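Notes follow the structure.
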Amino acid sequence: MKLLTGNANRPLANDISKSLGKPLTQCSVRRFADQEIFVEVEENVRGQDVFFIQSTSSPVNDHLMELLIAMDALRRGSAKHITAVIPYFGYARQDRKSAPRSPISAKLVANLITRAGADRVLTLDLHAGQIQGFFDIPTDNLYATPLFDVALNNHGMVDDDLMIVSPDVGGVVRARSIAKRVNADLAIIDKRREKANQSEVMNIIGDIEGKSCVIYDDMVDTAGTLCNAAEALLHGGAKSVSAYITHGVLSSPAVERIHTSNIKQLVVTDSIAATPEVKACKKIKQVSIAELFGKAISRIAHNESVSSLFD
């Protein structure tokens with residue numbers, strides 16, 4: 001088995017490598033003067049099971065091209081089996097036609113990854129579960145729920161006052177899964193989104209009076225929706241508001257919004273490498289997914305069940 005990584009999230013790749021007790025295979029990712037990407041695998045991979053670790057986070061297109069070019073290099077290097085390990089799958093929000101003459105970019109990216117040479121995809125908390133069906137190859141979608149279950153207990157959040165909150169109707173299944181694990185009630189925010197990264201809270205479904213509310217979602221980008229939801233919950237009588245969100249995209253001005261908001265804390269995974277600005281914000285904490293991915297990679301390599309990780 002060989003582990004490789006691009007430039008998207010080397011700290012996470014190093015942690016996965018340590019959890020598996022296997023060193024990262026030497027792989028050089030360089031750019032020509034005009035910013036063309038060049039990938040060279042510097043060790044023999046012939047006949048090997050190869051796992052290439054690369055989140056397609058900002059800059060999304062650069063990291064996606066690194067992944068595609070690397071898989072082409074591995075395929076031409078006669079790797080036996082290539083698994084694209086994508087902790088954060090970019091373009092996942094474009095999973096349907098939202099308007100006439102609009103693309104389904106998540107399907108396009110799935111096609112590109114498959115044609116580049118991937119035999120399997122391993123990812124975490126896809127924005128929509130049906131994206132697994134966009135791939136014509138086996139796709140394992142891991143869940144951060146068990147990690148956040150532990151984090152909630154470690155942070156002393158699990159008590160009779162805990163209320164799990166889904167930020168929209170589409171996230172109810174995800175929020176209900178962790179609500180069951182921590183034996184908490186569930187509330188839902190009814191919102192209207194006029195355009196990308198902008199939303200208005202319309203109603204709150206559920207009794208949040210005097211509750212410690214935890215917003216649970218798959219990603220936070222500019223944090224406008226999150227901060228609006230927190231204000232609505234506090235205005236509706238919530239005692240406090242925290243957020244546990246898998247992918248901390250945190251595009252500008254998200255960190256500043258979180259810092260100045262009434263959100264008690266934001267907990268994200270390290271599926272996306274933290275910027276210095278994120279690290280400096282005392283309200284934002286990260287939990288590691290390295291061990292989870294290490295176990296999943298090991299099970300895939302040994303043809304064992306991945307779903308049993310969540311039993």
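The analysis underlying the following values was restricted to heavy atoms, covering all of them including side chains, and did not include hydrogens, waters or symmetry mates. Keep in mind that this is a model prediction, so the values were computed, not measured.
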Hphob cluster co-occupancy, [X] + [Y], side-chain heavy atoms under 4.5 angstrom:
X	Y	result
Phe52	Val306	no
Val150	Leu124	no
Val41	Leu68	yes
Met163	Ile245	yes
Phe135	Val109	yes

Would you say [X]'s side chain and [Y]'s backbone share a donor-acceptor pair under 3.5 angstrom?
X	Y	result
Asn141	Leu126	yes
Glu231	Asn228	no
Thr269	Ser271	yes
Ser261	Ile263	yes
Ser58	Val60	no
Thr275	Val278	yes
Lys107	Phe134	yes
Asp270	Ile289	yes
Thr139	Ile137	yes
Thr5	Gln54	no

Tell me if the [atom1] atom of [X] is crowded by more than 12 foreign heavy atoms within 6.0 Å.
X	atom1	value
Asp160	CG	no
Lys264	NZ	no
His259	NE2	no
Arg96	CZ	no
Asn183	CG	no
Lys282	NZ	no
Glu291	CD	no

Let me confirm one number: the [atom1]-[atom2] distance from [X] to [Y], rounded to the nearest 0.5 Å.
X	Y	atom1	atom2	answer
Asp136	Arg115	CG	CZ	10.5 Å
Asp119	His81	CG	NE2	4.5 Å
Leu186	Ile164	CG	CD1	8.0 Å
Ile215	Thr225	CD1	OG1	10.0 Å
Ile113	Leu64	CD1	CG	6.0 Å
Ser242	Lys285	OG	NZ	9.0 Å

- Applying side chain to side chain donor-acceptor pair (under 3.5 Å), name anything that partners His63, two or more places apart in sequence or on another chain.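 Partners of His63 under the side chain to side chain donor-acceptor pair (under 3.5 Å) test: none.
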Flag side-chain contact, heavy atom, 4.5 Å: [X] against [Y]:
X	Y	value
Gln94	His127	no
Ile204	Leu233	yes
Arg31	Asp62	yes
Ile178	Tyr244	no
Asp72	Ile69	no
Pro167	Leu226	no
Leu152	Arg181	no

Quick one: do the [X] and [Y] side chains pair a donor with an acceptor below 3.5 Å?
X	Y	answer
Thr145	Tyr216	yes
Arg120	Thr83	no
Arg299	Ser308	yes

- Item | Basic-acidic side-chain contact under 4.0 Å: Lys295, Glu304 |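 Looking at Lys295 and Glu304, the cut-off is not met.
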- Item | Test log, rule side-chain hydrogen bond (donor to acceptor under 3.5 Å, both in side chains), inputs Asp161 and Ser212 | CA-CA 6 Å; Asp161 293 333; Ser212 298; 5.1 Å; no
- Message: Under the criterion side-chain contact (heavy atoms from CB on, under 4.5 Å), I'd like the reasoning laid out for Asp221 against Arg93: C-alpha separation, chi angles, the key distance, then a yes or no.
- Response: CA-CA 11 Å; Asp221 191 352; Arg93 284 172 283 187; 2.9 Å; yes
Quick check: closest heavy atoms across [X] and [Y], and the distance to 0.1 Å?
X	Y	value
Met1	Gln48	N-OE1, 3.4 Å
Asn9	Ala273	ND2-N, 3.3 Å
Ser240	Leu234	CA-CD2, 4.2 Å
Ala229	Ile189	CB-CD1, 3.4 Å
Lys211	Asp185	NZ-OD2, 4.2 Å
Gln286	Ile272	NE2-O, 3.5 Å

- Query: What's the verdict on side-chain contact (heavy atoms from CB on, under 4.5 Å) for Ile188 and Val172, showing C-alpha distance, side-chain angles and the deciding distance?
  - Reply: CA-CA 7 Å; Ile188 305 167; Val172 169; 3.7 Å; yes
- Candidate list Asn44, Thr25, Leu74, test side chain to side chain contact (heavy atoms under 4.5 Å, CB included), partner Lys2, passing option: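 Looking at Asn44, Thr25, Leu74, the match for Lys2 under the side chain to side chain contact (heavy atoms under 4.5 Å, CB included) is Thr25.
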- Out of Asn61, Ile131, Leu108, Ile104, which one pairs with Tyr91 under the side chain to side chain contact (heavy atoms under 4.5 Å, CB included) rule?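 Only one option passes, and that is Asn61.
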- Message: side-chain contact (heavy atoms from CB on, under 4.5 Å) for Ile16 and Phe51? Distances and angles first, verdict last.
- Response: CA-CA 11 Å; Ile16 293 173; Phe51 295 83; over 6 Å; no
- Task: Using the six-membered ring wherever Trp is involved, compare the ring planes of Phe310 and Tyr143 and label them parallel, tilted or perpendicular (cut-offs 30° and 60°).
- Result: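 Aromatic pair Phe310/Tyr143 classed perpendicular.
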